[in-house]
Student: 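Can you keep this structure in mind? I'll have questions shortly.
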Amino acid sequence: MAPQTRRGPSFPKIVIERDSDTEDSSEEDEEDFDVEVQKLAGEAADEEQAEEKDEASTSTKRKREPITISLKRVCKVCKQSGHEAGFRGATYIDCPMKPCFLCKLPGHTTMTCPHRVATEFGVSPAPLKTSHNSLKYLFDRQLRCHVPKMKPAFVIPNKVNCAVIRYHSRRVTCLEFHPTKNNILISGDKKGQLGVWDYEKVHERIVYGNIHSCILNNMKFNPFNDGTVYGASSDGTVSSTDLETGISSSLVNLNPAGWQGPSNWKMLYGLDLNSEKGILLAADNFGLLYMIDARSNNVTGKPILIHKKRSKVTGLHCHPRQPDLLLSCGNDHFARIWDIRRLEDGSSIYNLQHKRVVNSAYFSPQSGSKILTTSQDNRIRVWDSIFGDLDTPSREIVHSHDFNRHLTPFRAEWDPKDISESLVVVGRYISENFNGVALHPIDFIDITNGQLVAEVMDPNIMTITPVNKLHPRDDVLASGSSRSIFIWKPQENAELEPREDVSRIIICGKAEKSRKGKLDDDSGDDDMFDSKKISKTKKIHVKSKVHGGKRKC
């Protein structure tokens, strides 16, 4: 199918009349300049005077002639005329001269991309290297018993149950559920604040603003004390915060001398905990890994280079059953597997190569035998067995999560309750046209075949939802969109839509003070749920689509 371009009426011609005063003044300036050049160059005065007379005669003739400018349509992407790129209503039309934004292949646009409806893209399952070895014996003996042979039915949280609008002062960057209290959700934002919310009681919430001075990138609970949470921030510190009192202590400070320029400022991104040894692992934007004793809160040993020098380590994840195995990912286009018992520069067990930056990499939550990565090249990659051939992924799933900036990176995350280790959740970047409204759904994908199980959305959520976390025990989804947090729960009957209780939707910030006119936004991020949209007489309509085979990206 030929690429679609935006066609519209021809642009009018603009006629600009010359200003005689301006014309005369410009001529006088030119004459003075010519006289100075004449003196410096030493040319003949007669020839110059003759040329000035000719120019003056021609300029007087054209003094009152109008200038005609014809405007042409020029694409902002490729700077060529004849087409335009951008939104037409709720549908985005990209430049036909550039490769497809979704699959990164030339010859078509995003609107005609075959991967918008394809069930899967990619590679045949990777076979095991050998049929009889010690690794396969370890897998069969210790890990395969945790993988069920039957796949249970998926339960999809598809309806907004409660929400806090403008909960944070800046966009949400990370979410974590409490390990023992099912109704407690903690969140971090771009400003470094830490929020604690009881979403069953809805109104019980608090935000600690004195934890970090910059982006809170990752959080982990202390396995020995579930009232304490660790945080890694772009201010170069690892904090330990008491959720009851909000008192925080700094375990690591990589910038003790303060700001010394972007080339020296160290920021911490990846964070995870080895529960067996009580070691807290953190990684920075220079490719270095730091190990902290969680019991004594002291750094042990020297930092170790685990990725390319001066490249950002975007994520860390310890194996759920063998915590000595560490999975890292970074801006050097690699995800790497390590053994922390013999951790040193260049000692990685395996390097999983990608085409662009790797936003996240996770072991599967039950057995840890699979690997799931999210890359900026609009690909979700899956390795079915860490003991198989890791040179090529078992599957590559095309999904829209390539963005420019000013947005939290998309991360495809496992459903920790799914014993079949096949369901993942991830937000979508490219908007879709739903009844004339541009929405960014949250996708549930079956990674065994690449099919889109469900896409959940709410017409009131107009912004992108890059941060999503599934509850480890309940059928609950928490999502962070801009400064707001939403709790999704399953809706048994999609046809019956009971009236939403407005008390379960909290509007924070300036909306609490004034509900008249347009609300101001000091965060620099997109907002949704205007104060006029939520009232006692209007209910929230939730849309959810469940797909049996076809998939949209």
Side-chain angles (χ1 to χ4, degrees), residues 120-144 146-147 270 272 281 283 287 289 304-308 311 313-399 411-414 420-422 424 445-450:
E120 65 179 358
F121 168 81
V123 200
S124 59
L128 294 177
K129 292 181 179 180
T130 57
S131 58
H132 301 286
N133 59 13
S134 57
L135 291 178
K136 187 175 184 303
Y137 174 79
L138 177 66
F139 172 75
D140 293 335
R141 184 69 179 270
Q142 296 186 9
L143 301 181
R144 189 179 293 277
H146 300 284
V147 180
D272 206 355
L281 305 171
L289 176 71
I304 303 169
L305 185 67
I306 61 173
H307 280 264
K308 184 179 179 180
S311 66
V313 182
T314 56
L316 297 173
H317 189 221
C318 291
H319 196 280
R321 299 195 175 275
Q322 301 290 337
D324 289 333
L325 288 180
L326 175 67
L327 181 61
S328 65
C329 58
N331 279 10
D332 59 352
H333 303 182
F334 278 95
R336 307 179 191 272
I337 305 176
W338 306 84
D339 187 348
I340 63 175
R341 293 169 294 188
R342 55 182 189 89
L343 194 61
E344 59 184 14
D345 184 10
S347 64
S348 59
I349 300 176
Y350 218 93
N351 301 321
L352 310 178
Q353 188 173 5
H354 295 68
K355 293 182 180 179
R356 288 188 62 186
V357 174
V358 187
N359 293 339
S360 64
Y362 299 106
F363 290 111
S364 54
Q366 300 292 331
S367 66
S369 61
K370 299 179 181 181
I371 293 177
L372 174 72
T373 65
T374 308
S375 177
Q376 282 290 106
D377 60 353
N378 280 344
R379 297 291 190 277
I380 298 174
R381 291 175 173 84
V382 183
W383 283 263
D384 286 335
S385 175
I386 60 175
F387 305 111
D389 185 4
L390 299 180
D391 293 333
T392 57
S394 304
R395 271 167 303 285
E396 292 182 2
I397 303 171
V398 177
H399 188 268
R411 299 180 179 92
E413 298 199 7
W414 300 93
S420 64
E421 299 180 335
S422 57
V424 300
I445 301 175
D446 186 351
I447 54 96
T448 59
N449 52 24

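Model, not experiment: these values are computed from the prediction.
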Student: What is the distance from atom NE2 of H319 to atom CD1 of I371, rounded to the nearest 0.5 Å?
Tutor: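 Answer for the NE2-CD1 pair, H319 versus I371, is 8.0 Å.
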
Student: Within the side chain of E421, is there an N or O that forms a donor-acceptor pair under 3.5 Å with the backbone of S367?
Tutor: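 Indeed, once roles are kept as given, a pair shorter than 3.5 Å links the two residues.
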
Student: Are W338 and L289 close enough, and set up right, to give a side-chain contact (heavy atoms from CB on, under 4.5 Å), and what steps lead you there?
Tutor: CA-CA 12 Å; W338 306 84; L289 176 71; over 6 Å; no

Student: Report the C-alpha distance between T314 and N359 in whole Å, list the side-chain angles of each, state the deciding distance to 0.1 Å, and finish with yes or no for side-chain contact (heavy atoms from CB on, under 4.5 Å).
Tutor: CA-CA 6 Å; T314 56; N359 293 339; 5.7 Å; no

Student: In terms of the angle between their ring planes, are F363 and H317 parallel, tilted or perpendicular, with boundaries placed at 30° and 60°?
Tutor: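 Tilted, since the angle between the ring planes falls between 30° and 60°.
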
Student: Where is the tightest heavy-atom contact between G450 and I397, given as atom of each residue plus distance?
Tutor: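 Closest approach of G450 to I397: CA-CD1, 3.7 Å.
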
Student: Ignoring hydrogens and angles, tell me if any N or O in the side chain of H354 forms a donor-acceptor pair with the backbone of R356 under 3.5 Å.
Tutor: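 Absent.
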
Student: Would you give the length of the straight line joining atom CG of D339 to atom CD1 of I337, rounded to the nearest 0.5 angstrom?
Tutor: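 If we round to the nearest 0.5 Å, D339:CG and I337:CD1 are 11.0 Å apart.
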
Student: How close do C329 and A361 get, counting heavy atoms only, and between which atoms?
Tutor: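 The answer is SG-N, 3.7 Å.
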
Student: Looking at CZ of R411 and OG1 of T374, how far apart are the two atoms once the value is rounded to the nearest 0.5 Å?
Tutor: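 That separation rounds to 9.0 Å.
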
Student: What distance do L372 atom CG and R381 atom CZ have between them, rounded to the nearest 0.5 Å?
Tutor: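 The CZ atom of R381 is 11.5 Å from CG of L372, to the nearest 0.5 Å.
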
Student: Is there a donor-acceptor pair closer than 3.5 Å between any side-chain N or O of H307 and the backbone N or O of V313?
Tutor: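 Not confirmed, H307 side chain does not pair with V313 backbone.
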
Student: Give a yes or no on whether a salt bridge exists between D377 and R379, defined as a side-chain N under 4.0 angstrom from a carboxylate O.
Tutor: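 Not counted as a salt bridge, because no side-chain N and carboxylate O are separated by less than 4.0 Å.
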
Student: Mind running side-chain contact (heavy atoms from CB on, under 4.5 Å) on I447 and W414 for me, showing each step along the way?
Tutor: CA-CA 10 Å; I447 54 96; W414 300 93; 4.0 Å; yes

Student: Which pair of heavy atoms, one from P323 and one from I340, lies closest together, and at what distance?
Tutor: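 Taking every non-hydrogen atom into account, O-CD1, 4.1 Å.
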
Student: For the pair S422 (side chain) and T448 (backbone), establish whether a donor and an acceptor sit closer than 3.5 Å, ignoring hydrogens and angles.
Tutor: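 Side chain of S422 to backbone of T448: no pair is present.
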
Student: Please confirm whether the backbone N or O of S394 pairs with a side-chain atom of D384, one donor and one acceptor, at under 3.5 Å?
Tutor: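 A pair under 3.5 Å: no.
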
Student: At what distance, to the nearest 0.5 angstrom, does CD of Q366 lie from CZ of R321?
Tutor: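 Taking CD in Q366 and CZ in R321, the distance rounds to 7.0 Å.
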
Student: Is there a donor-acceptor contact under 3.5 Å from the side chain of R395 to the main chain of V382?
Tutor: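 No, the answer is negative, given that no donor and acceptor are paired below the 3.5 Å cut-off.
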
Student: List the steps and the verdict of side-chain contact (heavy atoms from CB on, under 4.5 Å) for W383 and T373.
Tutor: CA-CA 9 Å; W383 283 263; T373 65; 3.5 Å; yes

Student: Would you find a donor on one side and an acceptor on the other, under 3.5 Å apart, between the side chain of S385 and the backbone of F387?
Tutor: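 The answer is yes, because a donor-acceptor pair under 3.5 Å joins these two groups.
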
Student: For the OG atom of S348 and the CG atom of L326, what is their distance to the nearest 0.5 Å?
Tutor: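 Atom-to-atom, S348:OG and L326:CG are 11.0 Å apart.
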
